[in-house]
Structure formats: C-alpha cells, structure tokens
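Below is one structure, written out as structure tokens; the observations come after it.
Start at 1 and go down the list; that is how both ligands and their atoms are numbered.
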Amino acid sequence: MTDTTSQQFTFKAETKQLLNILIHSLYKDREVFLRELLSNASDALNRLRFEMVTNHNVLDSAAELNIRITADKDSRTITIQDTGIGMTRDEMIENLGTIAQSGARKFLDAAKDSKVDLTQVIGQFGVGFYSVFMVAEWVRVTSHSFNPDAEAVSWYATGDDNYQIDRADMSERGTKVEIKLKEDAAEFAEEYRLKNIIHKHSDYIGFPIYLGESKDAVNKQTSLWRTSKQEVTDEQYKEFYRQTTLDFEDALTHIHVSTDAPVQLYALLYIPSKAERGMFSLRKEDGLKLYSRNILIDEYNKDLLPEYLRFVQGVVDSEDLPLNVSRETVQSSGLMPKLKKVLTNQVIKELESLAKNNAEKYQTFWQEFGPYLKQGVAATPMDADTINPLLRFKTNLNPETWSSLEEYVSRMKEEQKVIYYIVGEDPKSVLRSPHLDYFHSQGTEVLLLTDPMDSFMLMGLHKYKDYELKNVSSAEVDANEKPKEQPEAEKIPEADFSTLLARFKIVLGERVTDVRASNRLYQSVARLADADDTVNPELQRVYRFLGKEYEIPKKILELNPSHGILKKLLKLESDSALQDIIIEQIYDSALLIEGLHPDPSSMASRVQQIMEAALAGKVE
Ligand code: ADP
Ligand code: MG
C-alpha cells in the first residue's frame with residue numbers, strides 16, 4: 001500500500017446498510033455508544049498489558065494504562081482517549097473499514113428480528129464501534145501503535161459511504177476518538193450525563209476512566225465477577241450474561257463464587273435456559289473465559305469443567321495462575337485440576353439446590369441438559385455418585401412426571417430388590433411393550449428409557465445405592481418373584497404347544513436363539529428376551545442409533561401359551577402358508593416393539609396377505 005498522506009475508501013455494502021440503520025432508525029438507548037467505545041479502549045489496554053508481559057520495546061512504556069474523556073458543550077464534541085495498544089495504518093483500515101463485514105451482515109439479520117433490542121447487542125457483532133454514528137455528525141479516530149517505529153494515522157468518517165485515512169500528528173501511544181455530536185445528541189457533551197452512563201454500563205472496566213481534568217476515576221474498576229455478591233443486582237447479572245453470550249433469554253440460574261482455598265478464584269457461571277445456542281450467539285464454542293488477574297488468557301477454556309458440564313457459560317479468574325505463561329504451562333501448572341474440582345462442585349451444588357427448591361426450573365434444566373448428564377454417567381464413571389442423584393426418569397406408573405432414582409427407590413415395594421427399566425423408542429409405544437405385561441400386573445414401577453442417550457447412560461449406570469438396575473427384557477428378571485394371581489386363561493395343552501414351538505423354530509431358524517413358553521405375558525402374544533448372558537443389550541441400540549454396521553441381535557422368542565392367536569394358529573393346517581406368514585409377523589412385530597426392526601416397511605406386503613386371509617374368512 002502506498003504511504004500517501006490522504007486516501008479515500010468506500011465502505012462495503014453491508015457496512016453502508018448498517019450505518020444507515022444506526023443513523024436513521026435507532027433513537028432509543030443511544031447512550032450505549034459510549035459503552036462500546038469504552039469497551040474498545042479497555043480491550044486495547046488489555047492487549048497492551050498482555051504485550052508488555054513479554055515485550056519491553058513498547059512506546060511510552062511508563063504511561064499509566066487509562067482512559068480519559070473530555071467533553072465540550074459549546075463545540076458539541078467529546079474525545080475518548082486511551083493509552084492502549086493503538087493501531088497502525090493497515091490495522092485501522094482493516095479494523096474500522098473492512099473487517100466488520102460478517103458482523104455487519106449478522107447485525108442486519110438481527111435487525112429483522114423485532115424481538116432483538118439492537119442497541120443492547122451491537123457490541124457482540126464486532127461492529128460496536130459503528131454505534132458511534134447514532135450520535136455523531138462525524139468521527140475522527142487518531143492512533144499511534146505501541147510499536148515505537150509506527151507512524152500515527154487518522155480515520156475520518158461522517159457516516160456516508162466513504163472514510164478517509166490520513167497521516168496524523170500524535171506522538172503518544174494509544175487511540176483517540178473525537179466525536180462531533182449531532183444537534184439532537186448534545187446531551188452527551190454534559191459531564192453529569194457521561195458520568196451516569198459510565199456508572200450504568202462501564203463501571204467494571206478494569207482501568208481508570210477519568211472525566212475532564214479530574215485525577216479521580218469515575219468507574220469502580222472491578223469486574224463484575226470480582227465484585228462481592230451483595231453488591232450485584234439481578235439486573236447486572238442478567239446484563240452481564242446477555243453481553244457475554246448474546247443469549248436473549250435469561251439464564252436459568254447463575255453461580256457467583258470467590259474462594260481462597262484450596263485455590264484462589266473468582267467465578268461467575270451461568271446455566272443457560274436452552275441447550276441450543278441462539279442464532280446470533282456470540283459463543284462459538286463450549287468453554288469458559290479464563291482470566292488471570294483480570295486479564296483474559298483463554299476465550300474458550302475446556303479444562304475447567306468436565307465434558308458433561310460443557311454447557312455452562314461464564315468467567316473464571318484466578319490470582320494463582322501465573323500471568324507470564326503460554327497455554328501449555330497453564331495446563332501443566334497443576335492448578336487446572338484444582339480449579340476444575342472447585343468449579344465442578346459449585347455447579348453440582350447449584351443443580352442440587354435447583355432440584356430441591358425450584359422443581360419447575362429443574363425440569364427445564366433436565367429437558368435441555370439431561371442428555372449431557374447422561375453422557376457424563378457413561379463417560380465419567382468416577383463421578384457417578386455425583387451425577388446419579390441428578391438424573392430424572394419417566395416411569396410406567398408415573399409417565400407424565402420426572403422422578404429421581406431416590407423417589408423411585410422410596411416407592412419400591414419391600415420385596416423389590418432391583419430397579420427395573422425398559423428401553424424403547426418412544427414413551428408411548430414403550431408402554432405397550434409385552435415386557436411390561438408382568439410388571440403392570442404386579443403394579444411394579446419401571447423406568448422408561450426412550451431417549452437415544454439412555455442407552456449410552458446405561459453403559460455407566462449399573463447400580464444406584466445398593467440397587468442394581470435390571471432390564472425387563474432380561475429373561476431371568478423375575479426369577480425370585482412369584483407372579484400374582486391372574487385370571488387363569490386356559491393354556492394350550494403341553495403336547496400341542498411343543499408342536500407349535502417346533503414350527504416356530506423351523507420358520508425362524510437362525511434368527512432366534514430359542515423359542516419357548518413364557519409365564520410373564522398376559523396381553524401380548526410374544527416377546528423377544530435377552531438370554532441373561534447377552535453382552536450389553538443396550539449396546540445393540542447404541543449401534544443402531546449410530547448407524548453402525550448393524551445386525552439384528554439374536555434373542556429368545558417367548559410365547560404366551562394362553563394367547564388366543566396361538567390357539568387359532570394351531571388349528572391351521574401345519575406348515576400351511578398362512579401359519580408361516582403369521583409366525584413371521586409375530587416375530588417382526590416383536591422386533592418392532594423392541595425398536596430393533598431394521599426395515600419396518602418390509603412388512604407391508606405380508607400384512608396385506610394376512611388381511612386378505614382375514615377377510616376371506618368373513619366375506620365370501
Ligand atoms: P470489536 O470490539 O467487537 O472487535 P468494534 O467495532 O467495537 O468491534 O471494533 C472494531 C475493531 O477496531 C476492534 O476489534 C479493534 O481492533 C479496533 N479498535 C476499536 N477501537 C480501538 C481502540 N480504542 N484502540 C485500538 N483498537 C481499536
Ligand atoms: Mg468493540
């Protein structure tokens with residue numbers, strides 16, 4: 001690029017549109033322009049401070065890191081000057097001219113959504129600087145980079161299509177933003193007004209903000225997470241969450257802690273109310289913001305919480321983290337596991353108290369984030385004792401509400417020794433499963449596991465307290481329990497039943513490991529049971545869910561010796577076509593109910609044959 005003194009540039013289309021909206025349609029909350037400029041100044045100061053940790057060749061290295069605002073009512077001007085990192089000519093063109101493209105586009109999208117309060121969120125699109133055009137007739141940014149060899153440069157724009165870059169006269173390090181206020185924005189040249197705005201939006205900026213010639217900073221200078229809980233209002237917590245995540249919905253709850261032992265830390269964490277990030281979400285990845293003594297050292301730190309709590313948002317700040325470090329040394333400092341332990345405990349504690357004190361919120365939490373905890377059960381068995389009490393289930397006896405394992409156990413009948421569950425496709429169809437026949441008849445409660453994640457969860461959930469978990473499809477599940485009195489339907493005589501079993505075995509062949517009578521079926525004709533030595537029946541479902549190479553698992557087909565269908569089936573001519581078709585269909589239906597059928601539509605033609613046969617008997 002030629003280093004001529006003055007150069008004109010044209011804004012890209014999106015930036016023009018963005019400016020147009022800012023200048024012509026936003027009149028409310030225009031004061032946020034100051035928050036945006038101060039936030040930029042603060043960023044620039046932070047970056048400088050970080051630079052100075054390793055670089056000693058910095059312009060004005062002794063200058064205080066601060067921000068100074070001067071205002072002049074008569075000329076309707078304000079100037080905001082920082083001693084931050086500054087910008088070179090190229091950086092200026094890049095940062096204030098071109099780079100905001102994608103942000104501008106997203107901002108324009110957001111502008112179409114009437115729910116979104118644009119002035120609240122503009123900073124999050126990386127276009128916060130432009131908000132100055134809500135109040136400015138023109139703006140001049142003059143900057144001198146921290147690099148002693150750089151030249152000062154200025155950027156000037158009026159909010160129309162062009163901006164201008166000039167060589168400038170400025171010897172000190174940092175950036176100065178001069179604003180000529182519009183006539184209807186003259187209020188922003190009043191010091192008391194500026195003071196108010198700073199208190200409202202920028203109190204927590206970690207560098208002194210001076211007004212006029214004053215030597216006393218206007219702002220508090222502590223970040224929100226370092227402020228004591230008692231001093232923070234609900235509204236401030238909400239605002240902080242909005243600003244960090246750009247989530248328009250309030251968080252479900254927040255956790256604000258400061259501890260000194262075993263590690264020093266401040267943390268302000270949030271549990272969002274939705275698992276899915278909003279369309280405009282600022283947070284592109286999981287992870288917490290990690291600060292060391294107020295300086296951001298990692299935007300998305302994933303080592304501060306276990307995987308299964310990765311939905312938690314927020315900030316962690318520790319005095320114990322060495323500042324002069326690369327990410328690798330942070331990892332190896334041994335501090336991270338300690339921080340992680342403290343933070344994990346805090347989050348779990350908060351969830352426990354939510355579950356106890358606010359059932360409605362906890363339900364929302366569970367519906368959104370249950371799958372994460374389930375994954376945790378499978379992936380982090382050593383945390384089982386922590387996670388298991390947080391799990392919630394629907395059951396055959398309480399299909400509409402969520403029960404904890406503790407509640408399930410408290411409702412168990414005295415003689416019940418294990419926790420029963422059934423795995424299925426969806427909550428409605430699982431209730432019709434033949435596996436439940438027996439349990440319904442006994443009034444025994446069974447957990448309904450119908451979420452795909454449940455199968456993963458079961459890989460880690462074998463026991464709760466002293467109670468083993470047992471799948472109702474396991475053949476021996478009721479070995480120790482006597483079936484209750486049932487209206488005795490007449491059974492098929494032994495000899496006939498053997499004939500029938502033999503026929504089933506011939507027709508189904510290798511597809512089943514055995515065919516036998518069941519004493520557990522009442523309404524249903526048949527069920528597929530796992531032999532007790534089957535390795536992890538849940539895994540079958542996991543594989544199917546993952547679309548892995550999948551073979552229909554071989555199971556035992558159990559038949560109900562009292563069922564009318566089987567009685568009539570016996571009356572058909574042995575090895576008749578219809579008998580075989582019906583046997584096939586009984587097997588397929590059982591597969592279907594298990595959620596194991598690889599291709600249900602393949603049954604259509606057979607079902608049609610059966611219908612034809614049924615009608616043939618009725619209408620002739
Ligand atoms: P964001 O702050 O989200 O990046 P902005 O529109 O507020 O977006 O600012 C655009 C860019 O302009 C900043 O990223 C930064 O590089 C540069 N910038 C703005 N103000 C300053 C400043 N006071 N000092 C140094 N650089 C600045
Ligand atoms: Mg900004």
So for D82 against ligand 1, with non-hydrogen atoms under 4.0 Å, the contacting part is side chain
Please confirm whether L96 comes within less than 3.5 Å of ligand 1 when only nitrogen or oxygen atoms on both sides are compared. no
Please check if any side-chain donor atom of T233 sits under 3.5 Å from a side-chain acceptor atom of E235, or the reverse. no
Of all residues at least two apart in sequence or in a different chain, which pass the side chain to side chain donor-acceptor pair (under 3.5 Å) check with Y241? D247
For atom 12 (O) of ligand 1, which of the options N95, D43, V132, T83 provides the nearest non-hydrogen atom? N95
Should one rank M92, M87, R47, E94 by closest heavy-atom distance to atom 27 (C) of ligand 1, which comes out on top? M87
In this structure, does ligand 1 have an atom that sits under 4.0 Å from one of the heavy atoms of E36? no
Atoms in ligand 1 flagged as close to F129, the criterion being non-hydrogen separation under 4.0 Å: 5 (P), 6 (O), 7 (O), 9 (O)
Any residue meeting side chain to side chain donor-acceptor pair (under 3.5 Å) with S258, in chain and number order, not counting sequence neighbours: none
Check this for me - ligand 1, T175, N or O atoms closer than 3.5 angstrom, yes or no? yes
Got V312 and L304 here, is their nearest side-chain heavy-atom distance under 4.5 Å? no
Quick one: does I85 get an N or O within less than 3.5 Å of an N or O on ligand 1? no
Would you check, one step at a time, whether the test side-chain contact (heavy atoms from CB on, under 4.5 Å) holds for V347 with L269? CA-CA 8 Å; V347 175; L269 307 180; 3.9 Å; yes
Test side chain to side chain contact (heavy atoms under 4.5 Å, CB included) applied to S318 and K338, M336, Q264, the passing residue: Q264
When rounded to the nearest 0.5 angstrom, what is the spacing between NZ in K182 and CZ in R76? 11.0 Å
The Mg ion (ligand 2) and S39: any N/O/S contact shorter than 2.8 Å? no
